[in-house]
2 protein chains.
Amino acid sequence: MSEEQLDLVFGALADRTRRAILAHLATTDANVGELTALFTMSQPAISKHLKVLEVAGLISRTRQGTMRLSRLEAAPLRDATAWMADYRTYWSESYDRLDELLDSLD
Amino acid sequence: MSEEQLDLVFGALADRTRRAILAHLATTDANVGELTALFTMSQPAISKHLKVLEVAGLISRTRQGTMRLSRLEAAPLRDATAWMADYRTYWSESYDRLDELLDSLD
DNA sequence: CTGTTCTATAACCATCACATTACATAAAGG
DNA sequence: CCTTTATGTAATGTGATGGTTATAGAACAG
């Protein structure tokens, strides 16, 4: 994963509204209106957040009539996790099981 | 891990200079001057980055004479990894081994 | 076509983020 | 003390970020 993409992914995750959107999309796909209803925020604000998530590759979007469905795409999360896991030797324990995980990510 | 802390950790990781600092500190502790020499950037800029990393809990700092040693503290990385791993059901494979990891993080 | 619904974009504003240079401060040594 | 070394802080410029309201556009229904 490139530094540019890590910038985008971690930057996208740095906002709690966007993390909450991802958390919701983990349960079900959703359109913009449904997501807007979850927050005390305007629809254009949500659209902007979705754009950031899309550019980071964390969601994909498809037209469904007049609506646009957002779907979680967790591959960048997996890649970012792999990056962070390079520091596993500094974690307090569980090295071996994490090593198994890392091997599986190749 | 609180939303506030996730804001700080992901925000800290969103900058590639800070990620490079963490990568270097993974090999050895270092003072500000040593870290400054690694980048084409002023010393105050590095000091600011270290402050961000410190507030996020990703490094700790100790005085060593006139110098201040920075040391990697990877616990927040572990916690942030655990957050991302909640989306493991969307990853393409390796669910079971990741589940083992998650169990071990409690 | 026209109207309705859903979403995106434009224009704007306030604040934050990241860099600079100049200067202040802390610790150690002669 | 005074100097040197190492680092932090202040002031500043600039672009990015995150929100708003108003408006434009896309898809469908009648």
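Chain letters run A, B, ... following the sequence lines, proteins first and then strands; every chain starts at 1. Since we're looking at a predicted model, the values are computed, not measured.
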*Asks:* When the distance from CE of A:M41 to P of D:dT20 is rounded to whole Å, what number comes out?
*Replies:*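 That distance rounds to 6 Å.
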*Asks:* Picking from D:dT20, D:dA6, C:dA22, which would you name as closest to the side chain of B:T66?
*Replies:* D:dA6
*Asks:* Which nucleotide sits closest to the side chain of A:H49: D:dG19, C:dC6, C:dA22?
*Replies:*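 Of the candidates, D:dG19 comes closest.
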*Asks:* Quick check on DNA chain D: between A:A14 and B:E34, whose nearest nucleotide comes earlier from the 5' end?
*Replies:* B:E34
*Asks:* If you define the side chain from C-beta out and look only at heavy atoms, does anything of B:M41 sit under 4.5 Å from B:H49?
*Replies:* yes
*Asks:* Regarding B:Q43 and B:T36, is there a side-chain donor-to-acceptor distance under 3.5 Å anywhere?
*Replies:* no
*Asks:* Is the closest side-chain heavy-atom distance between B:L58 and B:E73 below 4.5 Å?
*Replies:*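 The answer is no; the side chains never approach within 4.5 Å.
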*Asks:* Only counting residues at least two apart or in another chain, list the ones meeting salt bridge (Lys or Arg N to Asp or Glu O under 4.0 Å) with A:R19.
*Replies:* B:E3, B:D7
*Asks:* For D:dG8 and B:S47 - does any side-chain N or O of the residue sit under 4.0 Å from the phosphate oxygens OP1/OP2?
*Replies:* yes
*Asks:* Rounded to whole angstrom units, what separation is found between the CD1 atom of A:I59 and the C1' atom of C:dT7?
*Replies:* 13 Å
*Asks:* Would you say D:dT20 has OP1 or OP2 under 4.0 Å from some side-chain N or O of A:S42?
*Replies:*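 Yes, because at least one side-chain N or O of A:S42 sits under 4.0 Å from OP1 or OP2 of D:dT20.
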*Asks:* Rounding to an integer number of Å, can you tell me how far B:M67 CE sits from C:dA27 C1'?
*Replies:* 11 Å
*Asks:* Is there a side-chain contact between B:R63 and the phosphate of C:dA26, meaning an N or O under 4.0 Å from OP1 or OP2?
*Replies:* no
*Asks:* If we check side-chain contact (heavy atoms from CB on, under 4.5 Å) with B:L69, which of these qualifies: B:N31, B:V32, B:I59?
*Replies:* B:N31
*Asks:* Kindly say if A:R68 contacts the phosphate of C:dC6, meaning a side-chain N or O under 4.0 Å from OP1 or OP2.
*Replies:* no
*Asks:* Backbone N or O of B:A12 within a donor-acceptor pair of the B:R18 side chain at under 3.5 Å?
*Replies:*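 Side chain of B:R18 to backbone of B:A12: a pair is present.
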*Asks:* Measure from CG on B:N31 to C1' on D:dT7 and round the result to the nearest Å.
*Replies:*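 About 10 Å, once rounded to whole Å.
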*Asks:* Please report the distance, rounded to the nearest Å, between CG in B:D7 and C1' in C:dT15.
*Replies:* 15 Å
*Asks:* Between P on D:dG18 and NZ on A:K51, what's the gap in Å once rounded to a whole number?
*Replies:*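 A:K51 atom NZ is separated from D:dG18 atom P by 15 Å.
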*Asks:* Using a heavy-atom cut-off of under 4.0 Å over every strand shown, decide if A:R61 touches base, sugar-phosphate, or nothing.
*Replies:* sugar-phosphate
*Asks:* Let me know the distance between CG of B:L53 and P of D:dT7, rounded to the nearest Å.
*Replies:*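 For the pair B:L53 CG and D:dT7 P, the rounded distance is 16 Å.
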*Asks:* Any chance you could measure B:H24, atom NE2, to B:L38, atom CG, to the nearest 0.5 Å?
*Replies:* 5.0 Å
*Asks:* Between protein and nucleic acid, restricted to nucleotides 11-17 of chain D and to nitrogen or oxygen atoms under 3.5 Å apart, what atom pairs and distances do you find?
*Replies:*
none

*Asks:* I want to verify a distance call: between C:dT21, D:dA6, C:dT9, whose nearest atom is closest to the B:P44 side chain?
*Replies:*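 Between C:dT21, D:dA6, C:dT9, the one nearest the side chain of B:P44 would be C:dT21.
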*Asks:* Whole angstroms only, please: what is the CG-P distance between B:L50 and C:dA19?
*Replies:* 12 Å
*Asks:* Measure distances between side-chain N and O atoms of B:Q43 and base N and O atoms of D:dA6, and say whether any donor-acceptor pair falls under 3.5 Å.
*Replies:* no
*Asks:* Taking the side chain as everything from C-beta on, heavy atoms only, tell me whether B:E34 gets closer than 4.5 Å to B:M67.
*Replies:*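 Heavy-atom side-chain distance check fails, nothing below 4.5 Å.
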